[in-house]
Amino acid sequence: MWIELKSIHKHYGNVRANNGVSFKVNEGSIHAVIGENGAGKSTLMKVLSGYTSRTSGEILVDGEPVYFKSPEDATKIGIGMLYQDPMDFPQLTVLENFMLGQIKGFRNSEKKFKEKLKKYTDELEFDLSPNAQLKTLTIGERQQLEIIRLLSLGAKVIILDEPTTGISVEQKDKLFAALKRLVKEGKSVILVSHKIEDVEILCDKITVLKQGCVTGEMEKPFDLEKALMMMFETESKTPVRSKIVPGKKHIEMKNVSVSGGRTGLHNCDVTVRRNEIIGLAGLEGSGQGVFLRCATGLLKPYSGSVSLNGKNMTGKNILSYQKENTVFLPTNRLEEGLIPGLTIKEHYSLRQKSRSLFVDGAKASSDSKENISKYNIKGDPRTLVESLSGGNQQRLLLSFIPDDAELLLLENPTRGLDIGSANWVWELLQDFSKDNNSTIIFTSPEIDEILMIADRVLVFFDGKIIKDVKTDDTNLDEIGSAIAGKV
Amino acid sequence: MTIIKEENTTISLLKDISLTALFVFIFTTLIITISGAPPFEAYENIIRGAFGSYSKFGQVIKVWIPLTLCSCGLLYTFKINLWNIGIEGQMIMGAVFGMAAFKYIPGTCPAALTILIAFIAGLTGGAIWALFAGFLKTFGGVNEIFAGLGMNFVAQSIILWLIFGPWKREGIASMSGTEQLSEPLWLSTFTKMRISPTAIVLTVASILITAFILKYTKVGLGLKAIGSNMQSAFMYKLKPTSYMLLAMIFAGGFAGLAGTMQVTGVYHRLIPTISSNYGYLALFVVMLANYNVWAAPLVALFFACLNVGSIQLPMVLQIDSSLSGVIQGALVLATLGVQSFKTMKKKRREYNNSNGRV
């Protein structure tokens, strides 16, 4: 099955997410769609998988024009999409999730589906136990299940949106091997990614998107430098780790255990000194998030003690932590950071420090304008935050870091930012840390980012810190296997 | 490229309103016809019942006042996403506290001062009652709807106990209520319409204060922020618990004021049905006004007209006066219906604009 996109437009109000995109995906090939954030990759894939409607343009499948109103329509035709965040039911088992959407009629034999599931897992060399509850699985395993489910529903073209974010090295190898096997059977794969090294080893053809338009196409062998040029306007400067001298004890956790998240946090013993920049590595939900929330007072430990600047903070609430100039920026921007329904200006109004009962509208306006231009947020003071793109929401959140912040707890601070913006953010944060003598603790799903920025790495596995090492004394492979639980 | 032209909002609003009105009209006409009365005569009676004379319109205003005060209070709780169904009980307790002030302040105190103290007492009573529900919600984890409903029953029991027990009339205890207040303690009224200028001034002031607080102060913005997303409150150093309790205090305070107003301005004593379900009705008012502070008094006025206008229906046409309730209920349902129909239509239009077909 081959697919051709002809002049696809997708407009959200005045924003043209896709502005006349055309390209062809051949049968039996792995096709990469690359581009910086906000280039329109995800939107295009959502259009192709029936998740959103297109404004205009044509989609041809084997030369026939197709129309879909929903993802089910697309699945019927044979196009299946794997989303960035798996859309499944964590409370159900692997088998139950597999069965959902496939069952017909009243009575369904579990045995039949169990066999079907086994056939696929054997074929693709995936390791999935049918009776395991989904919430105990890693993101990588959930991905595997979703691929099998799509195949079983008859997908001939599988779209993957950033599939290698947050999965281990082994899982990535497994995934790539499986994709190559599928392609040999005549299926097609569309890979959306900003990781050029993944694309290089896996794909047959590349389409580059920039600002909603196709700016280039490339067949194997790829000229990667040229591809990067097509993605970005200018080459951005890669940040360099800044040389620091650790100061006095800043935050100290002694034998801390906290419940929360998927794994909780168990017997955590860490001392962080002033000026340190610490990267927390680990698969998503291995305890890093709980660690940050505990270090900012959002979660209270049930045993152990936490102290800040030598003061005992155990059991204190977040406001006491904030008084010690602790700042936490969560990764779930719209759930825990911003307030949907409020404008950018209203967010700055809420953050006004004055004790006055009244909102200082003029100051809020000037604050918004100043930060919008400083942080390059695409929006104006009256824009509702939920209508900002993910990257712009992230910039807005970063602009909330107060000038007197001493301990910055950042959960995946470059999430949704392209490489250029991410580098810019790190430069900003490094300067901030230098000028204010502040400490930064951050998480990231990318080991590269951690090794590039942090001068000390803590690796989390199943709610425990299993490795605590200076960046100079370690390397990518060592951290990679620690993430998978091997120390 | 296709551009979806946005409809003019005023025109679309008018369209919505007329569509809703049409639905309600058809529905109630059907109901009246089924109950065997001539529908148009019934409508005429309602209009004449509400506007037929100065004193009738005065009655309308008398209903409008507590309805608007309760609506003002509910605007705060709705803003922070609390369903303060306990507003009924808060109004009752306002009346009880107000009455207590009248009862226990010695007659030597100047009447104006007594009335002022009674208002403050009523406001406090309503606020305390609301705080009970608020504490149950914030510290006890009890949903405010259940807490509020429970407190309503308790308030109703307290008022009955007072009327038939400690505060009963000399000699007889009866549903008609306690002893009347002495005349100086009544709110003075205009002669023709028999409505009190003090009550009107207080109500208008309540609307203005509410509008101001919600729109221009940090309290209003904080309520809106927490109501929209409580999880993010910590980023802005807002305490959800304090704001919830504050919203409850506002709601209870306004309801309590309404309760005291019923005592000194309307019934001049405490009666078992002092709240007349105005609290519950105000929930409808605020929803129908789409939580808009300026629309709420207008909707309240319309509801008041219906309530007063339908009083004479049983006498003239032998149909129950609860017809007003039918109309009010149908209105709320129709409004919600029209809104969801619009969302559906918008979605369908997006589909038709997609897939290359225009």
Side-chain angles (χ1 to χ4, degrees), chain A residues 6-11 13-14 16 19-20 47 52-59 65-70 296-298 317-319 321-323 327-330 332-342 346-347 349-361 364 385-386 397 400, chain B residues 1-7 76 78-81 138-139 208-243 246 250 290-292 344-358:
Chain A
K6 272 191 178 169
S7 185
I8 300 286
H9 282 265
K10 175 68 193 182
H11 301 180
N14 292 327
R16 295 171 177 210
N19 200 2
V47 167
T52 56
S53 57
R54 51 190 188 260
T55 309
S56 68
E58 252 191 311
I59 299 175
V66 290
Y67 307 100
F68 355 91
K69 281 192 174 168
S70 66
T296 191
L298 269 177
N317 66 10
I318 182 156
L319 292 172
Y321 279 79
Q322 283 168 337
K323 280 202 191 100
V327 178
F328 169 58
L329 299 188
N332 305 320
R333 296 173 288 237
L334 283 183
E335 289 85 45
E336 282 181 285
L338 305 174
I339 300 167
L342 263 59
E346 282 175 314
H347 278 78
S349 308
L350 278 173
R351 290 190 60 86
Q352 278 173 10
K353 267 196 199 142
S354 75
R355 290 210 162 263
S356 150
L357 180 63
F358 305 110
V359 173
D360 187 344
V385 291
E386 65 269 31
L397 210 51
F400 290 162
Chain B
M1 193 186 102
T2 49
I3 296 168
I4 301 166
K5 208 175 146 198
E6 277 302 316
E7 279 178 82
Y76 296 90
F78 272 123
K79 200 90 193 168
I80 196 165
N81 231 345
T138 49
F139 297 111
L208 295 176
I209 290 170
T210 302
F212 183 79
I213 289 181
L214 291 181
K215 199 155 168 70
Y216 295 107
T217 66
K218 284 192 179 155
V219 172
L221 190 58
L223 289 173
K224 185 178 172 190
I226 296 169
S228 308
N229 184 7
M230 202 161 75
Q231 299 304 320
S232 295
F234 74 90
M235 288 282 303
Y236 311 92
K237 302 189 182 174
L238 299 171
K239 292 181 206 153
T241 308
S242 320
Y243 271 88
L246 188 67
F250 271 116
N290 199 16
Y291 314 103
N292 181 311
M344 241 166 61
K345 224 175 74 177
K346 203 176 149 203
K347 269 191 188 158
R348 194 163 311 151
R349 196 171 50 190
E350 273 168 17
Y351 272 134
N352 292 341
N353 274 305
S354 70
N355 293 336
R357 288 176 292 195
V358 184

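Every chain is numbered from 1 and lettered A, B, ... according to where its sequence line falls, protein lines coming before strand lines. The basis for the numbers below is simple: all heavy atoms, side chains too, and nothing from hydrogens, waters or symmetry mates.
Across all their heavy atoms, Ile339(A) and Tyr236(B) have their closest contact at CD1-CE1, 3.7 Å. Nearest heavy atoms, Gln231(B) versus Glu335(A): CB-O, 3.0 Å. Counting all heavy atoms, side chain and backbone alike, Leu319(A) lies closest to Lys239(B) at CD1-CE, 2.9 Å.
Leu238(B) touches chain A through its side chain: at least one heavy atom from C-beta onward sits under 4.5 Å away, while N, CA, C and O do not. Interface remark: Pro330(A) contributes side-chain atoms only to the contact with chain B (heavy atom separation under 4.5 Å). At a 4.5 Å heavy-atom cutoff, Thr52(A) makes no contact with chain B through either its backbone or its side chain. The contact between Phe358(A) and chain B is made by backbone and side chain atoms together, counting heavy-atom distances below 4.5 Å.
Residue pairs meeting the side-chain hydrogen bond (donor to acceptor under 3.5 Å, both in side chains) criterion with at least one member in residues 208-221 of chain B, sequence neighbours excluded: Ser354(A)-Lys218(B), Tyr76(B)-Thr210(B).
Among Arg333(A), Gln352(A), Glu58(A), the residue with the largest count of heavy-atom pairs under 4.5 Å with chain B is Gln352(A). For the set Leu357(A), Val327(A), Asn317(A), the count of heavy-atom pairs under 4.5 angstrom toward chain B peaks at Leu357(A).
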Going through the distances and angles, do Met235(B) and Leu397(A) end up as a side-chain contact (heavy atoms from CB on, under 4.5 Å)? CA-CA 9 Å; Met235(B) 288 282 303; Leu397(A) 210 51; 3.7 Å; yes
For Thr296(A) and Phe234(B), run side-chain contact (heavy atoms from CB on, under 4.5 Å): C-alpha distance rounded to whole Å, both residues' side-chain angles, the deciding distance at 0.1 Å, then the answer. CA-CA 10 Å; Thr296(A) 191; Phe234(B) 74 90; 5.8 Å; no
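Asn292(B) is linked by a side chain to side chain donor-acceptor pair (under 3.5 Å) to nothing, counting only residues two or more places apart in sequence or in another chain.
Atom OG in Ser232(B) sits 7.0 Å away from atom NE2 in His347(A) (nearest 0.5 Å). Rounding to the nearest 0.5 Å places CD1 of Ile226(B) at 9.0 Å from CG of Leu350(A). Interatomic distance, CG of Leu334(A) versus CG of Asn229(B), reported as 8.0 Å (0.5 Å rounding).
Put simply, the side chain of Glu346(A) never gets that close to the backbone of Ala225(B): no donor and acceptor are under 3.5 Å apart.
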